[in-house]
Number of protein chains: 2
Amino acid sequence: MFSKACEYGIRASTYIALKSLEGTRVSLKEIAEKIDSPVAFTAKVLQQLSKNHIVDSVKGAAGGFQIAKANIDQVKLSQIVYAIDGNKVYEGCGLGLKKCNSNEPCPVHDKFVQIRADLKNMLESTSLYDMTVGLEEGLTALKR
Amino acid sequence: MFSKACEYGIRASTYIALKSLEGTRVSLKEIAEKIDSPVAFTAKVLQQLSKNHIVDSVKGAAGGFQIAKANIDQVKLSQIVYAIDGNKVYEGCGLGLKKCNSNEPCPVHDKFVQIRADLKNMLESTSLYDMTVGLEEGLTALKR
DNA sequence: TTTAAATAGGACAAAATTATCCTATTAATT
DNA sequence: AATTAATAGGATAATTTTGTCCTATTTAAA
């Protein structure tokens, strides 16, 4: 569904949100440990998210990543996915046709439109705050 | 959503079904032209589909690919996707966790389950025959 | 002011996916 | 029997994605 980069991005952002709610900034090292991802690759993903103002990064000792508390329920998964994978999740023909729309559809166009819409809707309606609910109680997890 | 191989596989199977309904066998060359796919790569995909008994292949002069008429409305997209991409479309955590299920879910497990179920349902309920309807009239297309 | 700990970013490497090429095999036709 | 047209399959190449490594920069703290 998503690229590895995007999966790491969502998990990393969620962990950062979780710790930011507690008021603490987290290092790349800690993030990678807690979400079980390759450190250097995760760094690239976080750079991308930082450039897109989805997470804040602070350089230097005691630096790390954080998200302003006020933004945690404003940032939606759709923004993370877009920042990393672009719009190919939303656009692009399910059968790979270069051009495919309601006027000139592939045989499954309408059916894919529906599923894509559901996915898009889910991503647009799920905030990082939503993602953190359940993590403290161990009901959900970011690694396993 | 799907791999390139899978996209070619669905388009190729659909074209073969279309021609098989007319009672004619089609060559790899013709298929690749009609679905706008790389010839040799499409050959690999068709080998895979042939091994999985989704299409019949006939070697030698006047050979080619076909699907028994009686099977055209029996073969579902889900079989093609499974033959090429395996079950990773259906299984596998949306966030890339190695283990993720209703007992030990990731934060979006339930939401993904729903979307995956819709996709799976669509693939399981769409036959190659369904795919061909609209192709003759030019309402839908396999290349563009 | 030096040191240490952190992110930024460029260069590179490994792995997976996509794509091509060549030879072998098969079968109809001449 | 030879030729021709087709798929099968192995080897290889190109591209993309994933992942690593090293140096530069920044900042807090000693």
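Throughout, a chain's letter reflects where its sequence line sits, starting with A, and its residues are numbered from 1.
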Please report, rounded to the nearest Å, how far the C1' atom of D:dA6 is from the CG atom of B:D56.
16 Å
Should B:L95 and A:L49 be counted in the same cluster of Ile, Leu, Val, Met, Phe, Trp and Tyr side chains packed under 4.5 Å apart?
yes
Quick one: list whatever passes ring-ring contact (aromatic ring centres under 6.0 Å, His included) with A:Y129, sequence neighbours left out.
none
Distances under 3.5 Å between nitrogen or oxygen atoms of protein and nucleotides 9-11 of chain C:
unit_1: C:dG9; atom_1: OP2; unit_2: A:Q47; atom_2: OE1; d: 3.4
unit_1: C:dG9; atom_1: N7; unit_2: A:Q47; atom_2: NE2; d: 3.1
unit_1: C:dG10; atom_1: N7; unit_2: A:K44; atom_2: NZ; d: 3.0
unit_1: C:dG10; atom_1: O6; unit_2: A:K44; atom_2: NZ; d: 2.5

For nucleotides 12-16 of chain C, print each protein N/O atom paired with a nucleotide N/O atom at under 3.5 Å, atom names and distance only.
none

Using 0.5 Å steps for rounding, measure from the NZ atom of A:K69 to the CG atom of A:L21.
7.0 Å
Can you sort out the partners of A:F65 under ring-ring contact (aromatic ring centres under 6.0 Å, His included), two or more places apart, ordered by chain and number?
none
Can you pull out the residues from residues 34-42 of chain A that lie within a 4.0 Å heavy-atom distance of DNA chain D?
A:P38, A:A40, A:F41
Show your reasoning for whether side-chain contact (heavy atoms from CB on, under 4.5 Å) applies to A:L119 and B:L119.
CA-CA 10 Å; A:L119 176 61; B:L119 176 61; over 6 Å; no
A:Q66 CD to D:dT27 P, straight-line distance once rounded to whole Å:
13 Å
Using a cut-off of less than 4.0 Å, is there contact between a side-chain N or O of B:S57 and OP1 or OP2 of D:dA8?
yes
Tell me the interatomic distance from B:E30, atom CD, to D:dT7, atom C1', rounded to whole angstroms.
15 Å
Side-chain heavy atoms of B:K34 within contact of B:V26, under 4.5 Å:
no
Decide yes or no for B:L123 and B:F2: does some side-chain heavy atom of the first lie under 4.5 Å from some side-chain heavy atom of the second?
yes
Whole-Å gap separating C1' (D:dT17) and CZ (A:F2)
17 Å
Of the candidates C:dT7, D:dT17, C:dT17, the side chain of A:F65 sits closest to C:dT7
Quick one: does A:L97's side chain get under 4.5 Å of B:R11's, heavy atoms only?
yes
Are any of A:Y8's side-chain N or O atoms less than 4.0 Å away from OP1 or OP2 of D:dT18?
no
Connected via hydrophobic side-chain network under 4.5 Å: A:V39 and A:I10
yes
Please write out each protein N/O paired with an N/O of nucleotides 23-29 of chain C under 3.5 Å, distance rounded to 0.1 Å.
unit_1: C:dT26; atom_1: O2; unit_2: B:G60; atom_2: N; d: 3.2

For a side-chain contact (heavy atoms from CB on, under 4.5 Å) check, start with the C-alpha distance between B:Q114 and A:M122, then their side-chain angles and the critical distance, and finish with the verdict.
CA-CA 10 Å; B:Q114 187 54 55; A:M122 186 271 268; over 6 Å; no
Using atom CG of B:L49 as one end and atom C1' of D:dG9 as the other, report the distance to the nearest whole Å.
16 Å
Out of curiosity, does A:V58 fall in the hydrophobic cluster containing A:V45 (side-chain heavy atoms, cut-off under 4.5 Å, transitive links)?
no
May I have the list of side-chain donor-acceptor pairs in residues 136-144 of chain A shorter than 3.5 Å, sequence neighbours left out?
unit_1: A:E137; atom_1: OE1; unit_2: A:G134; atom_2: N; d: 3.4
unit_1: A:K143; atom_1: NZ; unit_2: A:E33; atom_2: O; d: 3.1
unit_1: A:R144; atom_1: NH1; unit_2: B:E104; atom_2: O; d: 2.7
unit_1: A:R144; atom_1: NH1; unit_2: B:P105; atom_2: O; d: 3.4

Just distance, no hydrogens or angles: give the donor-acceptor pairs under 3.5 Å from side chains in residues 80-87 of chain A, sequence neighbours left out.
unit_1: A:D85; atom_1: OD1; unit_2: A:S3; atom_2: OG; d: 2.6
unit_1: A:D85; atom_1: OD2; unit_2: A:S3; atom_2: N; d: 3.2
unit_1: A:D85; atom_1: OD2; unit_2: A:S3; atom_2: OG; d: 3.3
unit_1: A:N87; atom_1: ND2; unit_2: A:E91; atom_2: OE2; d: 3.1

Specify the residues of residues 15-29 of chain B, ordered by number, for which at least one heavy atom lies under 4.0 angstrom from an atom of DNA chain C.
none
Just verifying a value: how many Å separate A:I35 CD1 and A:E7 CD, rounded to the nearest 0.5 Å?
10.5 Å
By side chain to side chain contact (heavy atoms under 4.5 Å, CB included), which residues pair with B:K120, not counting sequence neighbours?
B:Y90, B:E124
Rounded to whole angstrom units, what separation is found between the CD1 atom of A:I84 and the P atom of D:dT18?
11 Å
Using salt bridge (Lys or Arg N to Asp or Glu O under 4.0 Å) as the criterion, list what pairs up with B:D118, not counting sequence neighbours.
none
Angle separating the five-pair end axes of the helix from C:dT1-D:dA30 to C:dT30-D:dA1, nearest 10°, is 10°
Step by step, work out the side-chain contact (heavy atoms from CB on, under 4.5 Å) result for B:Y15 and B:L18.
CA-CA 5 Å; B:Y15 183 72; B:L18 178 71; 4.3 Å; yes
Rounded to the nearest 0.5 Å, how far apart are NE2 of A:H53 and CD of A:Q79?
12.0 Å
Can you check the B:E33 CD to D:dA6 C1' distance for me, whole Å?
15 Å
List the steps and the verdict of side-chain contact (heavy atoms from CB on, under 4.5 Å) for B:I67 and B:D56.
CA-CA 6 Å; B:I67 302 172; B:D56 299 327; 5.7 Å; no
